[in-house]
**Student:** 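One structure coming up, written as structure tokens, with questions to follow.
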Amino acid sequence: MENFVLSHLEPGNVFRFFEELSRIPRESGHTDAVSAWVEDFARARGLRCRRDELGNVVIWKDASPGYEGHPAVILQGHTDMVCVQSPGTDHDFEKDPLTLVLDGDWLRAENTTLGGDDGAAVAMMLALLDDDAIPHPPIEAVFTVDEEIGLLGAAGLDCSDLEGRTLINLDSEDEGVLTVGCAGGARCDLALSLPLRPASGKLCTLELTGLPGGHSGAEIHKSIPNANRVLAQCLQALPDARLVSLCGGEQDNAIPDRARAVFVLPEDQTENAPEKFRELKSGAVCSFTWASHAPADALSPEDTRKAVGLILSAPNGVQAMEPDLPGQVRTSLNLGILRLEEGRLRLTWSVRSSAGAEKEKLIEALKSLADGCGGTFSRRGDYPAWEYRPASRLRDVMVRVYRERTGKEPVVETIHAGLECGLLAQKLPGLDAVSIGPDMRDIHSPRERLSIPSVRRTWEYLLAVLAQL
């Protein structure tokens with residue numbers, strides 16, 4: 001008999017499927033195994049399903065007795081996860097299962113992201129499909145792939161065989177919040193080739209760790225230091241440095257929590273170097289070391305200053321707030337990935353905006369930056385904004401059910417993060433959609449955790465809503 005860490009938690013089926021899912025590597029771009037697992041689940045239960053060439057899986061379940069005449073409801077979540085680990089952790093996300101840890105009322109993974117985003121959705125959908133005693137209308141369960149790298153699964157999903165025009169997306173992270181709109185966005189890449197030249201001096205390594213990191217949409221307004229930019233500020237204080245390599249960030253949609261530079265300094269400047277960036281490190285843990293010999297090749301000091309200046313001259317963070325929704329971000333970008341390898345510099349941003357014109361203006365500014373420095377520019381993973389729907393039967397039902405169950409009013413809001421609802425709304429005219437989810441904290445970071453009591457309450461709320469649709 002398999003040993004399940006979460007076997008005593010309720011709802012039992014939800015946590016059982018979550019634990020099974022946590023044993024399957026599912027980094028974005030590597031989701032074949034989890035897609036096969038979901039497909040096998042459906043076939044083992046005699047449920048109609050299809051799996052497309054991208055790995056998206058759709059499972060249909062007939063209405064329970066008494067709900068045969070009700071319109072179909074689409075439930076949707078994504079199977080991939082952001083894979084980030086703590087410094088010094090040797091976890092292979094392509095092979096190793098996650099190590100789940102119970103921490104009071106919270107569930108986390110040992111030194112890695114948990115994948116609660118969006119494993120909680122997958123577990124709830126499977127638990128619903130697995131239980132014939134739950135009252136519900138016809139269900140169309142949509143499991144998409146590669147959401148975290150540009151909503152690619154939803155973008156490629158064929159929706160022609162979906163009858164539902166009511167969608168409950170399960171990819172939110174705050175209980176009691178009904179999300180009814182989101183920003184559109186794109187990934188942008190700037191690449192620049194710089195010549196390597198023979199170098200002399202001492203080979204130095206500057207590494208910044210310990211910054212909070214976070215979600216580049218949901219937390220971009222929190223003034224979390226971006227490790228890539230903090231590193232560049234430190235390098236700017238060393239005008240004679242000659243860069244060999246840069247490495248910062250792992251995902252463009254995660255605010256980077258660490259970054260590292262390898263560079264050559266004149267021998268007489270190494271001992272005093274830490275004093276020059278002592279006030280610039282923004283709370284990061286700083287490690288500065290040097291070796292006695294320089295590498296054969298590095299950028300010139302001029303090209304090093306050009307690379308550092310490029311990083312710092314690019315816009316970053318919040319660019320505009322919503323004028324009619326206090327405290328909500330309208331337009332932002334995040335420098336999530338920074339690399340310099342063998343003279344090839346690459347910067348990758350996640351750009352977001354709920355205003356299409358502002359999104360395009362910001363992308364054009366990055367393109368102009370690339371043109372001005374002689375680099376190349378590309379964009380990918382575009383996804384549309386999900387616009388607020390003034391009249392929504394689904395929203396009305398969900399507000400009423402939440403009020404009846406808790407005695408409180410839910411928060412109804414739009415968010416500054418990408419959700420697949422916008423893409424699905426384009427493919428399904430007239431789609432009425434709301435996104436919900438249990439409490440999660442610090443997603444896209446090794447501190448990610450999922451509230452166990454909130455999973456139970458969200459599950460019970462979902463079932464109550466389905467019974468009213």
Side-chain angles (χ1 to χ4, degrees), residues 26-32 34-35 52-57 76-84 93 113 115 117-119 121-122 142-159 169 171-173 179 181-191 214-220 249-256 316 329 331-339 346-356 358-360 362-364 366-367 370 376-386 415-427 433 435 443-444:
R26 61 187 198 280
E27 183 174 12
S28 304
H30 302 277
T31 55
D32 286 348
V34 70
S35 295
D52 64 22
E53 60 184 11
L54 296 175
N56 299 311
V57 178
Q76 188 266 320
H78 63 87
T79 55
D80 62 313
M81 63 176 282
V82 170
C83 293
V84 179
F93 282 107
T113 40
D117 174 19
D118 195 22
V122 174
V142 179
F143 301 81
T144 51
V145 297
D146 296 342
E147 187 269 353
E148 299 289 6
I149 53 174
L151 315 183
L152 302 183
L157 179 69
D158 178 2
C159 294
N169 168 280
D171 193 17
S172 291
E173 295 90 33
T179 300
C182 73
R187 268 66 177 172
C188 296
D189 297 287
L190 187 158
H215 191 292
S216 71
E219 298 179 290
I220 196 69
E250 299 180 50
Q251 307 284 344
D252 58 272
N253 59 355
I255 302 170
N316 191 76
V329 180
T331 304
S332 77
L333 75 168
N334 172 64
L335 176 57
I337 300 174
L338 172 65
R339 296 288 186 273
R346 178 168 66 92
L347 290 76
T348 300
W349 293 268
S350 174
V351 177
R352 305 174 190 264
S353 182
S354 55
E358 289 191 14
K359 169 187 162 184
E360 294 303 319
L362 190 52
I363 292 173
E364 186 60 35
L366 295 177
K367 183 177 183 301
T376 60
F377 180 82
S378 61
R379 62 189 289 177
R380 56 195 165 89
D382 276 78
Y383 56 94
W386 167 28
I415 63 167
H416 190 66
L419 285 171
E420 292 154 301
C421 300
L423 283 163
L424 297 176
Q426 279 192 333
K427 297 168 184 280
S435 178
I443 64 171
H444 297 186

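This one's a predicted model, so the numbers in the text were calculated from it and none came from an experiment. Residue indices begin at 1 and follow the sequence shown.
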**Student:** Look at the side chain of Arg187 and the backbone N and O of Ser378, then say whether any donor-acceptor pair between them is shorter than 3.5 Å.
**Tutor:** no

**Student:** Show the nearest heavy-atom pair for residues Arg26 and Gly115, with the distance to one decimal.
**Tutor:** NH2-O, 2.9 Å

**Student:** Quick one: CD1 on Ile415 to OG on Ser172, what's the gap to the nearest 0.5 Å?
**Tutor:** 5.5 Å

**Student:** Donor-acceptor check, side chain of Asp252 to backbone of Ile337, threshold 3.5 angstrom: yes or no?
**Tutor:**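 Checking the backbone N and O of Ile337 against the side chain of Asp252, no donor-acceptor pair under 3.5 Å is found.
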
**Student:** Sub-3.5 Å donor-acceptor pair from the side chain of Thr79 to the main-chain atoms of Thr144, do we have one?
**Tutor:**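 Yes, because the side chain of Thr79 sits within donor-acceptor range (under 3.5 Å) of the backbone of Thr144.
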
**Student:** Salt bridge between Arg379 and Glu360, side-chain N to carboxylate O under 4.0 Å?
**Tutor:** yes

**Student:** Considering all heavy atoms of both residues, which atom of Ser353 and which atom of Glu358 are nearest to each other, and what is their separation?
**Tutor:**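 Distance-wise, the nearest heavy atoms are OG-CB, 3.7 Å.
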
**Student:** How far apart are the closest heavy atoms of Ser354 and Ala183, and which atoms are they?
**Tutor:** N-CB, 3.8 Å

**Student:** Within the structure provided, determine whether Leu366 and Val351 are in side-chain contact (heavy-atom separation under 4.5 Å).
**Tutor:** yes

**Student:** Of all heavy-atom pairs between Tyr383 and Lys359, which one has the smallest distance, and what is that distance?
**Tutor:**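 The pair with the smallest heavy-atom distance is O-NZ, 3.5 Å.
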
**Student:** How would you list, by chain and number, every residue that makes a ring-ring contact (aromatic ring centres under 6.0 Å, His included) with Phe377, sequence neighbours excluded?
**Tutor:** none

**Student:** Judged by atom type as modelled, is there a donor-acceptor pair below 3.5 Å linking the side chain of Thr113 to the main-chain atoms of Val84?
**Tutor:**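 Yes, because the side chain of Thr113 sits within donor-acceptor range (under 3.5 Å) of the backbone of Val84.
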
**Student:** Mind checking the CH2-CG spacing from Trp349 to Asn316? Nearest 0.5 Å is all I need.
**Tutor:** 9.0 Å

**Student:** I'd like to know if the side chain of Arg352 reaches the main chain of Val329, judged simply by a donor and an acceptor atom lying under 3.5 Å from each other, with no hydrogens or angles considered.
**Tutor:**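 No, Arg352 side chain to Val329 backbone: no donor-acceptor pair under 3.5 Å.
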
**Student:** For the OG1 atom of Thr179 and the CD atom of Glu173, what is their distance to the nearest 0.5 Å?
**Tutor:**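 Nearest 0.5 Å value for the OG1-CD distance: 8.0 Å.
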
**Student:** Can you tell me how far OG of Ser350 sits from CD1 of Ile220, rounded to the nearest 0.5 angstrom?
**Tutor:** 8.5 Å

**Student:** Which heavy-atom pair separates Lys427 from Ala154 by the least distance, and what is that distance?
**Tutor:** CE-O, 3.0 Å

**Student:** Check whether the side chains of Asp146 and Ser28 place a donor and an acceptor atom closer than 3.5 Å, and report yes or no.
**Tutor:**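 No, because no side-chain N or O of Asp146 sits under 3.5 Å from a partner of the opposite role on Ser28.
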
**Student:** Can you list the steps and then say if Thr348 with Arg346 is a side-chain hydrogen bond (donor to acceptor under 3.5 Å, both in side chains)?
**Tutor:** CA-CA 7 Å; Thr348 300; Arg346 178 168 66 92; 3.2 Å; yes

**Student:** A side-chain contact here means heavy atoms from C-beta on lying under 4.5 Å apart; do His30 and Asp80 qualify?
**Tutor:** no

**Student:** For the residue pair Gln251 and Glu148, confirm or rule out a side-chain donor-acceptor distance under 3.5 Å.
**Tutor:** no

**Student:** Measure the spacing between CD1 of Ile255 and CG of Leu335 and express it to the nearest 0.5 Å.
**Tutor:**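 Nearest 0.5 Å value for the CD1-CG distance: 11.5 Å.
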
**Student:** Calculate, to the nearest 0.5 Å, the distance between atoms OG and CD belonging to Ser35 and Glu53 respectively.
**Tutor:** 12.5 Å

**Student:** Can you tell me if Asp118 uses its side chain to pair, donor with acceptor, with the backbone of His78 under 3.5 Å?
**Tutor:**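 At least one qualifying donor-acceptor pair exists.
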
**Student:** Are Asp52 and Leu157 side-chain neighbours, meaning at least one heavy-atom pair lies under 4.5 Å?
**Tutor:**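 Yes, at least one pair of side-chain atoms sits under 4.5 Å.
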
**Student:** Could you go through the side chain to side chain contact (heavy atoms under 4.5 Å, CB included) check for Asp171 and Asp117 one step at a time?
**Tutor:** CA-CA 7 Å; Asp171 193 17; Asp117 174 19; 2.9 Å; yes

**Student:** Can you see which heavy atom on Gly77 is nearest to which on Ala121, and at what distance?
**Tutor:** CA-CB, 4.1 Å

**Student:** Could you tell me whether the side chain of Asn169 and the main chain of Ser435 form a donor-acceptor pair under 3.5 Å?
**Tutor:**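 The answer is no, because no donor-acceptor pair under 3.5 Å joins these two groups.
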
